[in-house]
There are 2 protein chains.
Amino acid sequence: MNNQTPSITGANAGRSRQHNRQVVLGHIRKAGAIGRAEIARASGLSTQAVSNIIADLLGDGLLRPSGHRSAGRGAPVTQYGLNPLGGLALGVEVRPDAIIASLLDLEGSSLFTTRTDLECADPPTVAGQLTRLRDQALEHVELPARKLVGAGIVMPGPFGMRGFSEGASDLPGWENIDPAELLGAALALPVTVENDANAAAMAERVSGIARGLDSYAYLYFGAGLGLGVLAAGCLMRGAHGNAGEVGYIPVPSARGIVPLETLVSRLSVRRALAAAGILVTDMSELTALYHAQSPPLMAWLDQAAPALSLAAQTIENLFDPQTVILGGAMPAPVLDHLIDHMSMAEASVSARAGRTLPRLLRGTAGRTTAAQGAAALVINQIFTPQISAQP
Amino acid sequence: MNNQTPSITGANAGRSRQHNRQVVLGHIRKAGAIGRAEIARASGLSTQAVSNIIADLLGDGLLRPSGHRSAGRGAPVTQYGLNPLGGLALGVEVRPDAIIASLLDLEGSSLFTTRTDLECADPPTVAGQLTRLRDQALEHVELPARKLVGAGIVMPGPFGMRGFSEGASDLPGWENIDPAELLGAALALPVTVENDANAAAMAERVSGIARGLDSYAYLYFGAGLGLGVLAAGCLMRGAHGNAGEVGYIPVPSARGIVPLETLVSRLSVRRALAAAGILVTDMSELTALYHAQSPPLMAWLDQAAPALSLAAQTIENLFDPQTVILGGAMPAPVLDHLIDHMSMAEASVSARAGRTLPRLLRGTAGRTTAAQGAAALVINQIFTPQISAQP
DNA sequence: GATTTAGCTCAAGTAAGTTGAGCCTGCGCC
DNA sequence: GGCGCAGGCTCAACTTACTTGAGCTAAATC
């Protein structure tokens, strides 16, 4: 979470090899099926080096031959592709009342998802549950523990600052605990901790609508309203891991300038409906209300769409992303309605000629997005060279 | 400018060496004076490797011994520091009407600055002038051309989109030209092209108020209002090099929602004063007006400060920077007034306990900031390992 | 069917980092 | 005041992983 002053690490033979493995894997993932020579051209390595690395990766089970293809003259290419079950990543979303766990393979397909209610979310309980969930997931897919390359954890944030969200979203008992350390020890795995919006953004990249993109912004309906930003292939975290708190940005409303979250969030729609006597416990209930054109819901949408437009335009101009994605805990029809009714100004760096992607896209909606995203973080790391990995 | 899908490069011995040289230089710059053993501990390299690299760097003239220091037991440390004149960087700001060039040494000190008026800013004229300016700068400092490690160029943007700035800020004749290629050939140097705000942000990092920071946002008064963002040591460029167009973000005003630039920019203050019959050609004239408490200027400030507050709060919550810096072509008293009158909400990820830096800082003001920043980009590259440099 | 072309492998060569022994310096203890 | 010891540094041998160039193979072309 905290990537302040990353101690910059020198390169040696071993770290170069690790880097090159990731480079090769990255090219293979991008291409689907590809031969040694093409990887060599793309990476600037010699074919021999690529050959050696591929032999390694085959030995580790991360790759599998994927047929021959003859393209023009010359010997046919021996292609390789990912072996989906060659590596697994566990993703976990820890909420105050429940834990959602998900197991993803190398291609980002979900193999197993489960939800466990929590009486109490204190560190020992969560650590114990995670160990159990890890074993349960592995048992379900009948694969050995060594296939598990890491775990991603999504926990409520923001961290280290005074929040003003009214829901009790923070986890009590975690104030002075380093979750990565505690849970890494409990799981016996390398652990990555991330906020929900960044994780969800990564889920879209690994197996969703953002596949192949490396610069986009993801507006995520979670506990509040979050923003995950991928810039040149890297998640934006900020100096203290709190980047993307789009819910706090000031926007004009009928009642003056208010934080965006008071107009556009789960809590805000729930409150708007409650004022009209409609109690909503789960966002999936909005689907029916939307199809019935429920007036309080439509009224909420009418004020949410312009507020979200302003936010999206701000995001476009500050980040210059390839696209802006809307997703998270909001039914697809509601997200689609928002996208259809957001007016995006022509005066934007994103209003460029020759766009191939729409300026707004709908991402995966669902309760398990964050957990899958947590696993996606780990999957993504496998394919992304780390500039300064600790030895 | 365009860093889309950077073809990820594998590592080999030569590229590792280059990486390690930069790592070592980076640690030396950060520490000022430091011994081999400490660099080895910080970088994860062996002392022997560091020793070899330092021998190289001494041979290249980039370092110089900087005394011995005995710390406790053991042999005294042989320390090394940067040799400021070991490397030079040329920075150039190309405007429609003039070229400003600046020569920086390794420590970021300006050795030479000059301004040349332009009749015409077409590519051949600019290329010719640059060659002349390079030679003039080298002659002035009486150093050989081989000391020059690169050039940074700042040119008007944004690129590849429909602009709506009313000033004719774009350069005619450059539509289908790659400036890096043309000017690199003219100067016989590696060239980096960047926008003014990013360059100015880098100037602050190399030798200004942001020294030692690696996450901050820089609000820059240039042709319009720009934003340079450094995130984890890297400049944010966006998918098409247009990130940071903060002037376009929508903000509420007395006349409804307008782009920030219409309220806060050089053009906007000039227009506000012109409406009161005061014609301002150079921003330095604002200093006198401010000290005289000129009513139209104070009125402009009264509407600019809240608009800028909203932008700064948005920036804080989206980027989670260590601080937000205001700078560029606006006199220091005006910037200070803005900072003093911007109200920063408590509901922000930046309102954290234990801050050591103010949330708002004033950066270097001046006409040569962008040109120095252009050179600072090159200086910064010397100390920053490039994740995927082309061979 | 000969030729060309591209992919791949084998074997030797090279660059650069690591390891471990040993030297030097100067503080600190006896 | 001399000895011991810790830490910085260097020398030489070793290791890793990439590159280079020769040679083999298979398919498309002439």
Side-chain angles (χ1 to χ4, degrees), chain A residues 8-25 27-28 31 33-60 63 65-80 385 388-389 391, chain B residues 8-25 27-28 31 33-60 63 65-80 385 388-389 391:
Chain A
I8 294 160
T9 306
N12 58 20
R15 294 200 275 260
S16 288
R17 176 60 152 219
Q18 181 60 20
H19 173 94
N20 288 346
R21 275 175 65 116
Q22 292 176 305
V23 167
V24 168
L25 279 169
H27 284 291
I28 292 172
I34 189 173
R36 295 164 166 86
E38 197 176 339
I39 297 173
R41 282 189 297 265
S43 63
L45 294 168
S46 60
T47 49
Q48 185 56 57
V50 173
S51 248
N52 293 339
I53 291 165
I54 284 188
D56 261 23
L57 294 172
L58 283 170
D60 292 350
L63 296 185
S66 110
H68 295 247
R69 184 178 51 89
S70 49
R73 283 185 165 186
V77 186
T78 318
Q79 294 186 305
Y80 295 90
S388 52
Chain B
I8 292 160
T9 307
N12 58 20
R15 294 198 275 258
S16 288
R17 176 59 153 225
Q18 181 59 21
H19 173 95
N20 288 346
R21 273 176 66 117
Q22 292 175 307
V23 167
V24 168
L25 279 169
H27 284 292
I28 291 174
I34 189 173
R36 295 163 164 86
E38 197 176 339
I39 297 173
R41 282 189 297 265
S43 64
L45 293 169
S46 59
T47 49
Q48 185 57 58
V50 173
S51 248
N52 294 339
I53 291 166
I54 285 189
D56 261 24
L57 294 172
L58 282 170
D60 292 349
L63 295 185
S66 106
H68 295 248
R69 183 178 52 89
S70 49
R73 283 185 163 184
V77 185
T78 318
Q79 293 187 302
Y80 295 89
S388 51

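Numbered from 1 within each chain, the chains take letters A, B, ... in sequence-line order.
- Rounded to whole angstrom, the span from the CD1 atom of A:I53 across to the C1' atom of D:dT19 amounts to 13 Å.
- Within the 4.5 Å cutoff, the side chain of A:R21 has no heavy atoms near those of the A:V24 side chain.
- Nearest to the side-chain atoms of B:A13 among the listed nucleotides D:dT19, C:dA16, C:dG17 stands C:dA16.
- The shortest distance between the side-chain N/O atoms of B:T78 and the OP1/OP2 oxygens of D:dC9 is below 4.0 Å.
- As a whole-Å value, the separation of B:L58 CG from D:dC9 P is 12 Å.
- In this structure, CZ of A:R21 is placed 14 Å from C1' of D:dA17, rounded to the nearest angstrom.
- Note: A:Q18 CD to A:N12 CG = 11.5 Å, rounded to the nearest 0.5 Å.
- Going from atom CZ of A:R36 over to atom P of D:dC18 covers 15 Å, rounded to whole Å.
- Listed nucleotides C:dG17, C:dC8, D:dC18 differ in distance to B:L45; the shortest reach to its side chain belongs to C:dG17.
- Residue B:N20 places at least one side-chain N or O closer than 4.0 Å to OP1 or OP2 of C:dG17.
- Rounded to an integer number of Å, the gap from A:I54 CD1 to D:dC18 C1' is 15 Å.
- Distances from the side chain of B:S46 to the nucleotides C:dG17, C:dT18, D:dC9 place C:dT18 closest.
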List the atom pairs, donor and acceptor, that lie under 3.5 Å between side-chain atoms in residues 43-50 of chain B and the rest of the protein, sequence neighbours left out.
residue	atom	partner	partner atom	Å
B:S43	OG	B:I39	O	2.8
B:S43	OG	B:L45	N	3.3
B:S46	OG	B:A49	N	3.2
B:Q48	NE2	B:N52	OD1	3.1

Item to check | Sequence-aligned protein contact record of nucleotides 22-30 of chain D, with B where the base is within under 4.0 Å of a protein heavy atom and S where only the sugar-phosphate is | outcome: ---BBBSS-
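- Inter-residue side-chain proximity for A:I8 and B:P385 is flagged as met; some heavy-atom pair is nearer than 4.5 Å.
- Not counting sequence neighbours, the partners of A:Q79 by the side chain to side chain contact (heavy atoms under 4.5 Å, CB included) test are A:A33, A:S66, A:R69, A:V77.
- Nearest heavy atoms, B:A11 versus A:H19: N-CD2, 3.8 Å.
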Please write out each protein N/O paired with an N/O of nucleotides 11-13 of chain C under 3.5 Å, distance rounded to 0.1 Å.
none

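- In terms of position on DNA chain C, the residue among B:V50 and A:Y80 whose nearest nucleotide sits closer to the 5' end is A:Y80.
- A straight line from CZ of A:R41 to C1' of C:dG7 spans 9 Å, rounded to a whole angstrom.
- Distance from the side chain of A:R17 is smallest for D:dC18 among the nucleotides C:dT9, D:dC9, D:dC18.
- Within the 4.5 Å cutoff, the side chain of B:L57 has no heavy atoms near those of the B:Y80 side chain.
- Mapped onto DNA chain C by nearest heavy atom, A:Q79 and B:T47 fall at different nucleotides, with A:Q79 at the one closer to the 5' end.
- A:R36 CZ to A:I53 CD1: the interatomic distance, rounded to the nearest 0.5 Å, is 11.5 Å.
- Straight-line distance from the CD atom of B:E38 to the P atom of D:dG8: 9 Å, rounded to whole Å.
- Here CG of A:L25 is found 9.0 Å from CD1 of A:I54. Values are rounded to the nearest 0.5 Å.
- For C:dT9, one of the phosphate oxygens OP1 or OP2 lies less than 4.0 angstrom from a side-chain nitrogen or oxygen of A:S51.
- Helical stems involving DNA chain C, defined as 3 or more consecutive Watson-Crick or G-U pairs under 3.5 Å, span C:1-30 with D:1-30.
- Rounded to a whole Å, the CG atom of A:N12 is 14 Å from the C1' atom of C:dA15.
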